[in-house]
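Bear in mind the structure is a predicted one, so any value in this text is a computation, not a measurement.
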Amino acid sequence: MGIQNQDSTPVAALAVKSVGIVGSGTMGQGVAQTLSVSGLQVVLIDISTAALEKGVGKIDTALGRLVEKGKLTGADKDAALARVTTSTDYSVLKDVDFVIEAATENVDAKLRIFEQIVKAVSAQTIVSSNTSSISITRLAAHIGVPSRVVGMHFFNPVPLMPLVEVIRGLQTSDVAVETARQLAIAAGKTPIVVANSPGFVVNRLLVPMINEAFFLLGERVATAEEIDAGMKLGANHPLGPLALADMIGLDVCLSVMEVFHADFGDPKYRPSPLLREMVTAGRLGRKTGQGVYSYAA
């Protein structure tokens, strides 16, 4: 059943055959890979050719692993890569049906990117943000037609994680929500539709738990290994909160907590001093080779 508007009339999604993705980092790569494997044309945008070459190279490697595991044929891999084009020029977005902004979790950066996206796309193009905590209502208010802005929060690693949070801002139209929902389904994901609120559903629950794990570690209540073992063996979590923080990126966890603290104004969302200290030290987790745990070769 599709999203329904106020008079209970079913809302039809717009047809999406091509998607622009702004940002070729970890999340942008994952979304591009997932959509291209699903048969969609993808245009990947970033600030430099080097960044784009790195991003496509990682997609190539990831698809190669799927071929090695027998989950994808060589022909399917080649076809998926052929569906991914790249550019540093936003004007190539003029012909896409849908745009996903997948840049860093910083509201000012996202607002600047949204300005460039809106200048390039057609008046009918749905524009979304793959944000984990930033207000969709705020992003939508920054453009001329806020009704076409919706959130699409994919989870890392995108090719493996089945969930997408589709976030409705105050101004978001039923058509934008249903189009995002159907795009997630076409990509093989399970969407849940949530209202705009800091952290939405998953991160509102998850990141404060991670933050509390850093408080426990900083207070020496237990070691990192013991904290993680406690949640794995006592709560049946597949990964402990500190190991998960390393995978997400400690800087991302801190950024989310700062958004919660600012937007809710509630001291229960105060970031852990240890988390902040580790980010200041550049110990961001797997991506830097050192976080709570060491990932040195």
Side-chain angles (χ1 to χ4, degrees), residues 22-30 46-48 50-51 54-55 58 101-113 129-135 138-139 153-158 197-200 202-232 237 239-297:
V22 181
S24 63
T26 300
M27 295 305 294
Q29 294 161 22
D46 214 318
I47 58 174
S48 71
K54 181 179 179 181
K58 290 192 174 182
E101 171 273 314
T104 184
E105 193 71 356
N106 176 282
V107 67
D108 292 329
K110 288 184 183 295
L111 289 172
R112 288 194 298 270
I113 289 168
S129 176
N130 177 53
T131 177
S132 58
S133 63
I134 293 170
S135 170
R138 181 175 180 183
L139 294 176
H153 179 207
F154 292 81
F155 290 78
N156 186 35
V158 178
S197 179
F200 317 123
V202 175
N203 279 343
R204 174 87 171 267
L205 293 166
L206 178 65
V207 182
M209 181 191 71
I210 290 172
N211 190 55
E212 195 63 28
F214 276 96
F215 272 114
L216 288 169
L217 184 62
E219 294 165 13
R220 299 187 179 181
V221 174
T223 65
E225 292 81 4
E226 288 165 335
I227 292 167
D228 280 351
M231 292 307 292
K232 288 166 65 179
H237 289 197
L239 195 64
L242 296 171
L244 180 58
D246 277 353
M247 187 174 77
I248 295 170
L250 272 62
D251 53 335
V252 176
C253 294
L254 176 60
S255 176
V256 171
M257 289 306 301
E258 288 176 334
V259 169
F260 289 174
H261 196 218
D263 287 3
F264 286 116
D266 192 325
K268 74 178 181 180
Y269 295 114
R270 177 174 66 95
S272 158
L274 177 60
L275 173 60
R276 192 181 297 280
E277 183 80 357
M278 292 182 71
V279 171
T280 300
R283 297 184 176 185
L284 308 183
R286 290 179 180 270
K287 60 188 172 185
T288 60
Q290 179 68 54
V292 176
Y293 301 100
S294 176
Y295 302 91

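- Using a 4.5 Å heavy-atom cutoff, the side chains of Leu206 and Phe155 are not in contact.
- Partners of Ala222 according to the side chain to side chain contact (heavy atoms under 4.5 Å, CB included) rule, which considers only residues two or more places apart in sequence or in another chain, are Glu226, Ile227.
- Residues satisfying the side chain to side chain contact (heavy atoms under 4.5 Å, CB included) test with Leu239, not counting sequence neighbours, are Ala243, Leu244, Met247.
- Contact of the Tyr295 side chain with the Asp246 side chain is registered, since non-hydrogen atoms from C-beta on lie closer than 4.5 Å.
- In this structure, His153 and Ser132 approach most closely via the heavy-atom pair NE2-CB, 3.5 Å.
- Listed by first then second residue, pairs satisfying side chain to side chain donor-acceptor pair (under 3.5 Å) with a partner in residues 266-281 read Arg204-Tyr269, Glu258-Arg276, not counting sequence neighbours.
- A donor-acceptor pair under 3.5 Å is formed between the side chain of Asp46 and the backbone N or O of Ser24.
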**Prompt:** When you look at Val252 and Lys287, which way does the side chain to side chain contact (heavy atoms under 4.5 Å, CB included) test go after all the steps?
**Reply:** CA-CA 12 Å; Val252 176; Lys287 60 188 172 185; 4.2 Å; yes
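- The side-chain hydrogen bond (donor to acceptor under 3.5 Å, both in side chains) search around Asn130 returns none, not counting sequence neighbours.
- Side chains of Ile248 and Ile210 form a contact here, defined as non-hydrogen atoms less than 4.5 Å apart.
- Shortest non-hydrogen contact noted between Phe264 and Pro198 is CE1-CB, 3.5 Å.
- Nearest heavy atom pair, residue Val292 against residue Met278, reads N-CE, 3.6 Å.
- Every pair tested for ring-ring contact (aromatic ring centres under 6.0 Å, His included) that includes a residue from residues 211-230 fails, sequence neighbours excluded, so the list is empty.
- Residues forming a side-chain hydrogen bond (donor to acceptor under 3.5 Å, both in side chains) with Ser133 (at least two apart in sequence, or on another chain): Glu105.
- Remark: Glu101 pairs with Ala103, Lys110, Ile113, Phe114, Ile117, Ser129 by the side chain to side chain contact (heavy atoms under 4.5 Å, CB included) rule, at least two apart or across chains.
- Summarising the geometry, atom SG belonging to Cys253 is positioned 8.5 Å from atom CG belonging to Asn211; distances are rounded to the nearest 0.5 Å.
- Here Asn203 pairs with nothing under the side-chain hydrogen bond (donor to acceptor under 3.5 Å, both in side chains) rule; sequence neighbours left out.
- Applying the side-chain hydrogen bond (donor to acceptor under 3.5 Å, both in side chains) criterion to Ser135, with sequence neighbours excluded, gives Asn196.
- For Val279, the side chain to side chain contact (heavy atoms under 4.5 Å, CB included) partners at least two apart in sequence or on another chain are Leu250, Asp251, Leu254, Leu275, Leu284.
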